[in-house]
2 protein chains.
Amino acid sequence: MTGRPHVTLEDVARTAQVSLATASRALNGATSVGPTLRDRVLAAAEELAYTPNAHARALAGSSHQTVGVICHDVSDPYFATIARGVMRVAGENDLLVMLASTFRDPQKEIAYVSMLRAQRASAILLIGSGFEDRAWERALAAELEPYRRGGGQVAVVSRHRSLRVDSVQPDNRAGAADLARALLDLGHRRFAVLAGPRRLTTVVDRLDGFRDALADAGIALADDDVIESGFTRDGGHAAMRELLARRRDVTCVFAVTDVMAIGALTAAREAGVSVPDDISLAGFDDIPVVRDLTPALTTVALPLEQLGEQAMRLAIRDNRGKRSRVVRMPADVVVRDSVARL
Amino acid sequence: MTGRPHVTLEDVARTAQVSLATASRALNGATSVGPTLRDRVLAAAEELAYTPNAHARALAGSSHQTVGVICHDVSDPYFATIARGVMRVAGENDLLVMLASTFRDPQKEIAYVSMLRAQRASAILLIGSGFEDRAWERALAAELEPYRRGGGQVAVVSRHRSLRVDSVQPDNRAGAADLARALLDLGHRRFAVLAGPRRLTTVVDRLDGFRDALADAGIALADDDVIESGFTRDGGHAAMRELLARRRDVTCVFAVTDVMAIGALTAAREAGVSVPDDISLAGFDDIPVVRDLTPALTTVALPLEQLGEQAMRLAIRDNRGKRSRVVRMPADVVVRDSVARL
DNA sequence: CTGAAAGCGCTTACAG
DNA sequence: CTGAAAGCGCTTACAG
């Protein structure tokens with residue numbers, strides 16, 4: 001820090017000609033302070049443009065008004081929409097949010113938890129899929145454990161295999177199964193799935209739900225019918241290109257996220273393949289923009305903003321000692337124009 | 001904070017049987033500490049899962065590794081994309097970002113600056129349009145002034161009339177003018193504009209640029225040709241509905257942001273009006289998803305991620321004493337399928 | 001290279 | 001109602 005030093009409580013106290021304690025009390029309103037002195041303190045603070053030092057406050061034992069939120073990528077509409085819910089609840093509770101983007105690097109996730117721990121964030125929210133990776137899970141737990149022991153709250157959105165913390169669980173598996181059944185009802189029998197990396201629990205859950213429902217109807221989804229690609233718009237685009245190049249007899253494609261479906265839709269258009277006339281397409285999440293696509297995308301709707309709101313509420317409501325809470329969120333199939341009835 | 005108290009440096013020092021000073025030095029690596037003692041300290045810290053208290057560090061005069069970022073709405077693709085650039089640079093510099101969403105409430109913007117000031121964030125970034133409002137500007141300046149005096153860095157993206165701080169300026173005016181000329185070249189003569197609230201500087205700049213370029217070509221844009229609406233997808237949707245209801249002879253519509261254009265596109269589709277066969281449509285920003293729309297949207301491309309990166313870089317590179325820096329960013333017209341040649 | 005001690009800016013019992 | 005003083009958990013001259 002360069003420049004003139006900060007104005008401190010001491011400056012305010014001196015200007016108001018009161019003790020440090022009185023200045024502190026007057027500013028915090030809590031304990032009673034005589035009106036004369038209080039006004040003098042307030043006036044002095046105003047005049048000096050005083051702002052309390054949050055670090056000193058936190059150290060001295062007052063409240064930590066910050067929470068940490070870790071997501072994979074803020075610019076992904078899925079996270080951006082969840083983040084909106086998080087920010088709203090945070091704002092309502094006068095909390096400051098420290099938001100970190102891991103850019104899907106598991107190591108960064110752990111590094112950020114560590115930083116947030118150092119900041120003594122009162123809560124840490126992990127938004128987004130966990131990784132199916134034992135070593136990573138252990139390392140994450142090793143950071144989270146002492147954090148919680150020190151009184152920190154932890155809440156996650158999506159499934160993290162071995163983390164015993166409060167969580168908001170979108171019903172990925174059931175939603176994908178419902179989608180499969182809806183598509184079967186429309187007459188589809190030959191499917192392909194555009195999937196993200198299988199180390200992501202979300203991918204695994206959706207894929208399993210979809211596959212199992214098909215199996216229940218006597219339809220097998222071969223490994224070959226699942227194209228694994230990046231968990232992004234470009235990943236979906238590439239996967240769809242690959243699928244179309246193979247020229248298979250697929251009538252319906254399920255992209256495990258809307259973002260991938262968006263890329264897939266454009267890939268189809270570029271290849272001169274009409275959706276849904278030549279091939280049907282469905283996604284998952286119901287991010288805001290999918291109803292503005294042409295055709296509007298059939299998908300499994302998750303109440304994204306609520307996911308964020310709920311996670312934040314879990315983190316705010318202390319839950320010491322009790323066992324971890326789980327808030328399940330519904331996943332509802334929304335049929336739009338991107339799927340055809342056969 | 002409930003639960004067991006945090007592990008402190010003192011615990012580490014005791015465990016390692018060294019002084020507080022030595023433990024501190026060993027952990028920070030800076031000053032030299034004998035290898036034996038250093039190893040003992042590191043082992044103790046590891047064993048106790050020690051994490052330094054960032055508040056104590058900040059108070060004691062070490063570095064503040066946090067920066068504050070204030071935007072209107074994280075879930076808006078425009079901000080989300082800019083935020084991506086911000087997060088990347090922050091990550092590269094081991095900075096933690098405190099992100100606040102004002103939800104377009106000017107008062108909240110000021111309140112957040114105040115909170116960030118209290119946190120002693122080393123820099124504050126204001127992302128997004130300023131408001132054309134004298135009282136608000138004064139109040140904002142009243143927070144920012146003492147912050148900067150105390151050594152805080154400030155950088156903004158977009159124009160803020162009276163804030164004399166470092167800024168990243170997308171060329172809204174010139175970009176809109178270029179767009180107007182491109183549309184004129186395609187043969188359009190009757191235009192309408194779907195605008196956001198005029199108290200936003202971004203709206204004013206784009207509108208003025210567009211209008212002036214038309215005027216230069218001898219075409220007047222009547223007040224009546226400008227429909228003011230919300231700065232959102234739904235705002236664009238409503239504005240387009242209104243325009244179509246008026247059944248005017250407009251051949252081309254300019255929505256001042258892509259997000260509004262997306263809503264407008266759907267409104268047209270719902271009304272059975274074909275874009276671009278019946279009416280042409282253009283946006284501004286080039287958020288990622290617009291190339292995936294049908295038709296792909298003609299727009300004015302802003303290097304959004306770079307906007308965020310540059311702002312963060314300005315904030316990181318100290319600029320004490322020198323006058324405020326301005327980084328201009330190009331705005332390039334990208335013609336896609338949503339506009340027809342007449 | 002190592003340690004004792006002051007100080008960062010607050011809050012909060014503890015007295016009065 | 002008000003004040004003197006201890007303490008939060010670190011860092012960093014200052015001595016040795």
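The sequence lines fix the lettering, A, B, ..., with proteins before strands; numbering per chain opens at 1. Given the structure is predicted, the values throughout are model-derived calculations rather than measurements. Keep in mind that the numbers below use all heavy atoms, side chains included, and drop hydrogens, waters and symmetry copies.
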(request) May I ask you to decide if the ring planes of A/His55 and B/His55 are parallel, tilted or perpendicular, using 30° and 60° as cut-offs? (result) tilted
(message) Show me the pairs that pass salt bridge (Lys or Arg N to Asp or Glu O under 4.0 Å) and involve residues 91-115 of chain A, at least two apart or across chains.
(response) A/Asp76-A/Arg104
(request) Give me the ring orientation class for A/Phe131 and A/His72: parallel if the planes are under 30° apart, tilted from 30 to 60°, perpendicular past 60°. (result) tilted
(message) Is it the case that the side chains of A/Gln169 and A/Ser167 hold a donor-acceptor pair, with the cut-off being a distance below 3.5 Å and no angle test?
(response) yes
(request) Measure the distance from CG on A/Leu59 to P on C/dC8 and round it to the nearest whole Å. (result) 14 Å
(request) Look through every strand shown and name the nucleotide pairing with D/dA13 as Watson-Crick or G-U wobble, where both distances are under 3.5 Å. (result) none
(request) Please report, rounded to the nearest Å, how far the P atom of D/dG7 is from the CG atom of A/Leu9. (result) 20 Å
(request) Could you check which nucleotide pairs with D/dA4 in any of the strands shown, counting Watson-Crick or G-U wobble with both distances under 3.5 Å? (result) none
(message) Whole angstroms only, please: what is the CG-P distance between B/Leu27 and D/dC10?
(response) 9 Å
(message) In whole Å, I'd like the distance from the CG atom of A/Asn28 to the P atom of C/dG9.
(response) 17 Å
(request) In whole angstrom, give the distance that lies between atom CG of B/Asn53 and atom C1' of D/dG9. (result) 6 Å
Contacts under 3.5 Å, N or O only, protein and nucleotides 3-6 of chain C:
residue, atom, partner, partner atom, Å
C/dG3, OP2, B/Ser19, N, 3.3
C/dG3, OP2, B/Ser19, OG, 3.1
C/dG3, OP2, B/Thr22, OG1, 2.5
C/dG3, N7, B/Arg25, NH1, 3.1
C/dG3, O6, B/Arg25, NH2, 2.4

(request) Take atom CZ of A/Arg120 and atom C1' of D/dG9, then tell me their distance rounded to the nearest Å. (result) 9 Å
(request) Provide, to the nearest angstrom, the distance between the CZ atom belonging to A/Arg57 and the P atom belonging to D/dG9. (result) 18 Å
(message) Once rounded to the nearest 0.5 Å, what's the spacing between atom CG of A/Leu95 and atom CE of B/Met115?
(response) 7.0 Å
(message) Quiz question: by atom type and distance under 3.5 Å, do the side chains of A/Arg117 and B/Thr51 form a donor-acceptor pair?
(response) yes
(request) Could you check how far NE2 of B/His55 sits from P of C/dG9, rounded to whole Å? (result) 16 Å
(request) Provide the distance between the two C1' atoms, one in C/dG16 and one in C/dT12, to the nearest whole Å. (result) 16 Å
